[in-house]
Amino acid sequence: MTERLAEALLWGLVASAAMITVLQASVGLGWSRLNLPMLIGTLFTGNRHRAIVLGMVVYLIGGWLFALLYFFAFAQLGHGSWWLGGLLGLLHGLFLVVVALPLLPHIHPRMASDVDGPTYYRRLEPPGPFGTHYGHNTPLTALLANVVYGVVLGAVWPFVE
Amino acid sequence: MRAGSAVSRRYPSIGDYGFIGDGRTAALVSRDGSIDWLCLPHFFSPSLFAALVDVERGGRFQIRPAEPYAVSRRYRDDALVLETTFTTERGVLRLTDCLVLLHHSPLMNELQPSRELLRRIEVLKGEVNVEVWFAPRPDYGRRPSSLEWRRGLGWTVPVNHGRVLLQAECPLEQAAGAALQGRLRLQVGDARHFSLAMAHQDMLVAPPLGEHAHQRLLATMEWWRHWGESFSYSGPYREQVFRSSMVLKALTYALSGAVVAAPTSSLPEAPGTARNWDYRYCWLRDAAFTLRAFDDIGFHQAGADFFSWLLHATRLTWPELKVLYDVHGEQPQPEQELSHLEGYRGAAPVRIGNGADEQLQLDIYGEVLLAAYDYARRHGALDRFESRLLLGFGRTVCRRWREPDHGIWEVRGVPRHYTYSKMMCWVALDCLLRLHREGYLDIDVEAFRAERDAIAAAIEARGFNETLNAYVAVFEGDEPDAALLQFVRVGYIDAEHPRMAGTYKLIRDRLMENGLVRRYPPDFDGLAGEEGAFGVCCFWMVEYLVLAGRCDEARELFEHVLGFANDLDLFAEEIDPRSGELLGNFPQAFTHIGLIDAALALAGVDSGEEDSND
């Protein structure tokens with residue numbers, strides 16, 4: 001059991017690393033300005049440098065937890081493969097882009113809203129519809145990153161099972 | 001040539017600009033409150049405002065009274081925070097500009113943009129009608145400018161891999177041609193802020209305006225005050241030396257320690273000509289001068305950072321040296337001409353990138369080794385890695401010094417045997433021999449000494465013109481070169497030596513005009529147009545006079561040259577000896593380094609006189 005959990009955590013880390021690589025590469029290539037570690041880190045601190053480090057740590061922990069959820073889903077379905085993982089990732093990504101990102105201005109303590117504008121504490125640019133304020137390609141790159149995450153987890157499911 | 005025409009009247013003089021910077025990028029602000037040059041997010045990035053080189057297509061951000069005014073300017077409290085005061089018939093308006101610096105400030109604990117240009121206006125007396133004009137033109141005006149209103153945030157503009165956000169404490173409305181305009185009437189005591197923040201590969205951050213913006217301005221002043229505490233120079237001309245050190249600090253790229261030659265591109269060396277180059281790079285030539293200037297005025301860490309960048313940057317090309325590198329130690333982008341921009345006062349082409357990196361310039365070996373020698377003496381040691389690098393450069397000098405090159409002045413065309421290049425090759429080997437003698441590294445003394453002496457023999461036989469009784473610019477030539485004034489400072493020859501005295505006389509007679517020194521005679525480089533006097537050469541002349549013991553003459557010349565700085569004590573690369581106008585890229589690190597060195601030379605004389613009086 002411990003060994004399976006360790007494997008799940010290991011592959012969860014690999015999948016998270018793959019996902020963040022896609023996201024950061026899309027930032028570096030100018031396709032999007034969605035800086036996920038900073039977005040997460042600024043939930044906890046206003047210091048930009050600390051936020052990025054803290055955000056990365058929280059992101060990786062979140063990646064592990066979601067990996068366990070994916071593996072749980074594979075176990076419940078009695079099947080796991082790269083395409084099923086990719087499909088789950090796509091659904092996961094759609095949820096993030098369509099539901100979670102628009103919710104952020106309401107729950108993020110440092111994010112301005114499109115309605116009220118910035119305040120002393122709320123300074124971060126809101127994502128806008130489907131995250132498009134961070135660049136028109138943001139929905140696509142976010143979906144791609146989640147699909148990659150799911151594909152990795154689905155592909156390794158036979159080893160973790 | 002279009003200078004003097006209607007075109008040139010639409011452009012301010014170069015000396016009419018003020019300069020602000022944050023060690024990552026810089027902006028030029030005209031006396032009319034217009035930001036006419038700003039590249040984001042870095043010095044070398046494409047411009048957002050470039051009215052400096054095209055008033056119509058370049059883009060600008062202007063805030064000024066909407067009625068006739070007189071202008072005065074100053075930097076506030078020894079900080080690179082520029083105050084422009086407009087006096088109108090009915091009131092006085094003060095515009096304060098800075099690029100925000102908050103490191104070590106508690107304000108860093110609240111989310112801040114990675115770059116912010118902050119502008120504050122306040123009415124000191126009466127009432128003033130103010131007009132605002134914001135016309136961003138990203139990527140040197142090459143891409144269409146699109147202003148987008150983000151409800152609640154402000155106006156945003158997409159730029160390369162990022163976006164800028166303009167927030168203003170006054171209503172702005174869209175004007176024709178992708179611009180914003182606003183007019184407001186302010187009474188005494190009223191203040192308004194304008195913040196231009198940039199996100200590069202990142203989400204935007206909207207810093208708050210009002211009193212919070214004022215706090216960031218004050219924190220920026222505090223940052224400069226804290227930085228200035230390291231300034232240890234207390235000799236004559238302290239104000240000018242401090243201002244020069246501020247310029248150097250602002251031109252030092254904070255992320256690597258590299259010093260860019262100037263923050264601008266394509267300000268012409270001669271009015272209306274094609275002598276326009278991109279100076280947003282780091283010339284190794286400036287190395288020894290920069291390092292010594294930093295160290296001599298107390299900024300030892302900046303000197304160490306610069307030396308570290310120098311060795312890092314040259315690692316990829318070792319044991320050869322390139323003429324210039326970008327702030328990260330990479331080769332500059334290839335030279336391009338921006339044909340859609342008309343150029344400053346019609347001086348086309350506007351160039352970005354720099355083609356000089358393809359030239360062979362042998363003098364840089366001497367300058368780098370001189371910097372290394374200074375560094376070793378001040379810091380007490382060289383590590384094995386540094387020693388290996390320096391030895392490699394020394395061997396390259398031994399192998400290549402007989403080749404013709406393009407010389408310190410980067411003269412385009414056929415390579416020639418420049419006397420200054422040979423002299424600096426001599427300096428390179430002499431520094432290695434001195435480093436060996438003083439125990440910093442081990443070398444094959446005989447081999448290096450033989451080559452060094454061979455260089456000296458070549459200089460004496462071919463670089464000295466018996467008829468003129470002077471060293472000349474090119475072997476077997478008859479033209480002067482102001483760089484040869486450096487022969488004394490680098491220890492090649494005594495100032496009183498008849499050959500050096502003759503060289504000084506030739507330079508004075510042929511290159512001086514109105515008390516200013518050209519670097520070489522007008523036709524020497526084969527380019528059209530006559531360039532001005534070269535700022536750093538004027539200061540080299542001062543140093544030579546000090547070393548020759550002619551201190552009164554040196555002091556007189558120094559003060560004469562200082563008189564050509566603009567009202568903010570800033571210098572460009574060159575000065576027109578007839579009109580006194582500043583020419584070339586602005587402000588220029590090399591000129592300000594020359595100023596510091598000359599002031600230090602004069603200070604040395606003063607302290608020597610005081611000692612002897614004691």
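In this text, all values refer to a predicted model and were calculated from it rather than measured experimentally.
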task = List the steps and the verdict of side chain to side chain donor-acceptor pair (under 3.5 Å) for Q112(B) and E116(B).
result = CA-CA 9 Å; Q112(B) 303 292 351; E116(B) 185 188 7; over 6 Å; no

At a heavy-atom separation under 4.5 Å, does [X] approach chain B through its side chain, its backbone, both, or neither?
X: H133(A); answer: both
X: R50(A); answer: side chain
X: L29(A); answer: backbone

remark   = Scored by heavy-atom pairs under 4.5 Å with chain A, the best of A206(B), G162(B), S114(B), P113(B) is A206(B)

query = For the candidates H200(B), H212(B), M203(B), which exhibits the highest count of non-hydrogen atom pairs separated by less than 4.5 Å from chain A?
reply = M203(B)

message = Please classify the contact of R150(B) with chain A as side chain, backbone, both or neither, using a heavy-atom distance under 4.5 Å.
response =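 For R150(B), side-chain heavy atoms alone lie under 4.5 Å from chain A.
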
Centroid separation W157(A) to F71(A) less than 6.0 Å =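 Judged by ring-centre distance (under 6.0 Å), W157(A) and F71(A) do meet the cut-off.
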
task = Identify the two heavy atoms, one from R115(B) and one from P41(B), that lie closest to each other, and give their separation to 0.1 Å.
result = NE-O, 2.7 Å

inquiry  = Students often mix this up, so state it plainly: with edges at 30° and 60°, are the rings of W309(B) and Y325(B) parallel, tilted or perpendicular?
reply    = perpendicular

request  = Validate the cation-pi geometry between R137(B) and F49(B): distance from NZ or CZ to the six-membered ring centre under 6.0 Å, angle to the ring axis within 45°.
outcome  =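 So R137(B) doesn't make the cation-pi contact.
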
